[in-house]
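Notes follow the structure.
Note that the coordinates shown come from a computational prediction; the quantities given were computed from them, not determined experimentally. Numbers for residues simply follow the sequence, beginning at 1.
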Amino acid sequence: MLLWCPDWPVLAVEIVDGVPATGPVAVLHANRVVACSAPARAAGVRRGLRRREAQGRCPSLTVVDHDPGRDARAFEPVVAAVEEVVAAVEVVRPGVCAFAARGPARHLGGEEAAAERIVEQVAQACAVESQIGIADGVFAAGLAARTGQVVPPGGTPGFLAGLPVEAIGRPALADLLRRLGVRTLGDFAALPAGDVLARFGFDGALAHRLAAGYDHRPLAVRQPPADLTVTAHHDEPLDRVDAAAFAARVLAERLHDRLAGHGLACTRLGIEAVTAHGQELHRVWRHDGLLTAAAIADRVRWQLDGWLSGSTGRPGARPARPTAGIVRLRLIPDGLLARGGLQPGLWGEAGEERDRAHRALSRVQGILGPEAVVTAVLGGGRSPADQTRLVPWGDERLPTRPGPPPLPDVSPRRGVSPLPDVPSRAGLSPRAGLPSRAGLPSRAGLPSRAGLPSRVVAGGLPAAPPWPGRLPPPAPAVVLPVPLAATVHDAAGEPVVVSARLVVSAAPARLRVGGSDPAEIVGWAGPWPLDERWWVPTEARRRARFQVCLADGAALLLAVQAGRWLVEAIYD
């Protein structure tokens, strides 16, 4: 199902700026018309016209610049109205949203009944006219919505076949197809896919799939914004300042707890009050810092004091006091900022607990020395050992190697290696192919956690910035301070060697760490090359990394450097 609001940029101008859409209105971008109202179309204005030509056809035309932000803000109430009836809504663009048809059809008694219910909901909640199209895929449903059609399951290719090629939404491609004699989407879909790709490129091949009805991508549903406002209703109107102050403190604590649960804090606070006679009062408070629970309560109390202690009507005095007591009080957080300190951390909520922890750790430093208490700081690096820097408690927490801003997660999936053109081996994915560790075997010669150097590590680890060549998650649970020497043999007992061209002599079969008994390797992935700081001979390092899984469930990160095998980290 796809809901389409005709001429949405024009409606957004009416909703936000108050320009009536009942008159001739045109929205322009780059001096060309991108949307126009029905009266403007009746006067000859069309999409794509230049400003001067559009005004020549309709001298009384009202011209407004295109603002995508305005369109999105005005469309949010429409999406919220749709979400009251259906779930998992995808906003295709401002004015268009899509959602799966099966759920609403089952719940509301059929696809046509569901479409009527949703259109009615949008009209009642937002006073916006809309149409719904139903087909197999977002593209076909968008075309069906123009005429309010319901395409039966499996009938999408036939529905698209008779439409002109201009419906594909690519003017340059449609013009070329017209000159080649291809006039309908059915004619375009009948062309061989390989020839279309060779002649028109990737975008043409995508348009070819859409014309054939192969638009089966999953919906990119949006996450509805969290409702952070808090409201209190009072049966007895609040007409005294002391009673209002008590209600304000309770409401302020509720707001602060709700923000803290989402890891947020606000810098602006909207205070709304409604009296028993229906009078509405509103005020916005700003604060340079972050509003704490006490600061929120103070501002609400001050504002209620100002309202309830208003003047009695003398000229030049403060605003008049409300004619009745307050029956509803609402707090609206604005200017939201992420605030990790408000989330439950290692020491609990920010405040007294954190101060007590700071005093305790400083006391330990006074007894054992500054280096006895350290906190981990994540920075840039391609290996787990390079990404962490231990900083004495109280010192400035700066990473040794700052990384670039965080990028989207592009870690491999379905067994694909994290570096290009390097296949995974034995079905072990470098991302998620490592099984959970059921205890570290002593016979493999690896140290337990208790054998690692003891140090008090305070604080949590922030998100690490990604580097090219960096190992994807999950991160190792234990990074050895000094890598352990190891040997790797194949099934015939011969040492496994990795050439300069990253050719592995044989599949790894057994691992021996130090002088321990060999452990069987049941899965492995790699090699992944790493050639760092080659421009500084004293710091240059060239190696290849592997992930291996042992028969007893242990998972390790190995590295080959200068012909030597090393155990660098242990997965949990």
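By the salt bridge (charged side-chain N to carboxylate O under 4.0 Å, His left out) test, Arg117 is found to be paired with no residue, residues two or more places apart in sequence or in another chain being considered. Residues satisfying the side chain to side chain donor-acceptor pair (under 3.5 Å) criterion with Arg41, sequence neighbours excluded, are Asp7. Every residue was checked against the ring pair (Phe, Tyr, Trp, His ring centres under 6.0 Å) condition with Phe139, not counting sequence neighbours, and none meets it. Residues satisfying the side chain to side chain donor-acceptor pair (under 3.5 Å) test with Arg170, not counting sequence neighbours, are Asp203. Every side chain to side chain contact (heavy atoms under 4.5 Å, CB included) that Thr229 has, sequence neighbours left out, goes to Asp227, Arg330, Ile332, Pro333. For Gln131, the side chain to side chain donor-acceptor pair (under 3.5 Å) criterion is met by no residue, not counting sequence neighbours. With sequence neighbours left out, Pro157 forms a side chain to side chain contact (heavy atoms under 4.5 Å, CB included) with no residue at all. Not counting sequence neighbours, Glu253 has no partner by the side chain to side chain donor-acceptor pair (under 3.5 Å) test. Taking the salt bridge (charged side-chain N to carboxylate O under 4.0 Å, His left out) definition, one finds that Glu84 meets it with nothing, sequence neighbours left out.
Atom CD1 of Ile132 is separated from atom CD of Glu111 by 11.0 Å, given to the nearest 0.5 angstrom.
Surrounding CZ of Arg57 are more than 12 heavy atoms belonging to other residues, nucleotides or ligands, all under 6.0 Å away.
Within the structure, ring pair (Phe, Tyr, Trp, His ring centres under 6.0 Å) contacts touching residues 75-125 (residues at least two apart or in different chains) are Trp8-Phe75. Within the structure, the salt bridge (charged side-chain N to carboxylate O under 4.0 Å, His left out) test picks out the following pairs touching residues 242-252 (sequence neighbours left out): Arg240-Asp242.
Considering only heavy atoms from C-beta on, Trp307 comes within 4.5 Å of Ile271 through its side chain.
The pair Arg254-Asp257 fails the salt-bridge criterion, with no side-chain N (NZ, NE, NH1 or NH2) lying under 4.0 Å from an Asp/Glu carboxylate O.
Side-chain atoms of Asp215 never come within 3.5 Å of backbone atoms of Leu210 as a donor-acceptor pair (strictly under, hydrogens ignored). With hydrogens and angles ignored, the 3.5 Å screen pairs a side-chain donor or acceptor of Thr156 with a backbone N or O of Asp136.
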Item checked: Check against side-chain contact (heavy atoms from CB on, under 4.5 Å), Leu259 and Cys266 -> CA-CA 8 Å; Leu259 293 176; Cys266 68; 4.2 Å; yes

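Across all their heavy atoms, Ala207 and Ile168 have their closest contact at O-CD1, 3.4 Å. Nearest heavy-atom pair across Val151 and Phe159 is CG2-CG, 3.8 Å.
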Donor-acceptor contacts, no H, no angles, side chain residues 20-37, under 3.5 Å, sequence neighbours left out:
residue, atom, partner, partner atom, Å
Arg32, NH1, Gly48, O, 2.6
Ser37, OG, Gly23, O, 2.7
Ser37, OG, Val25, N, 3.0

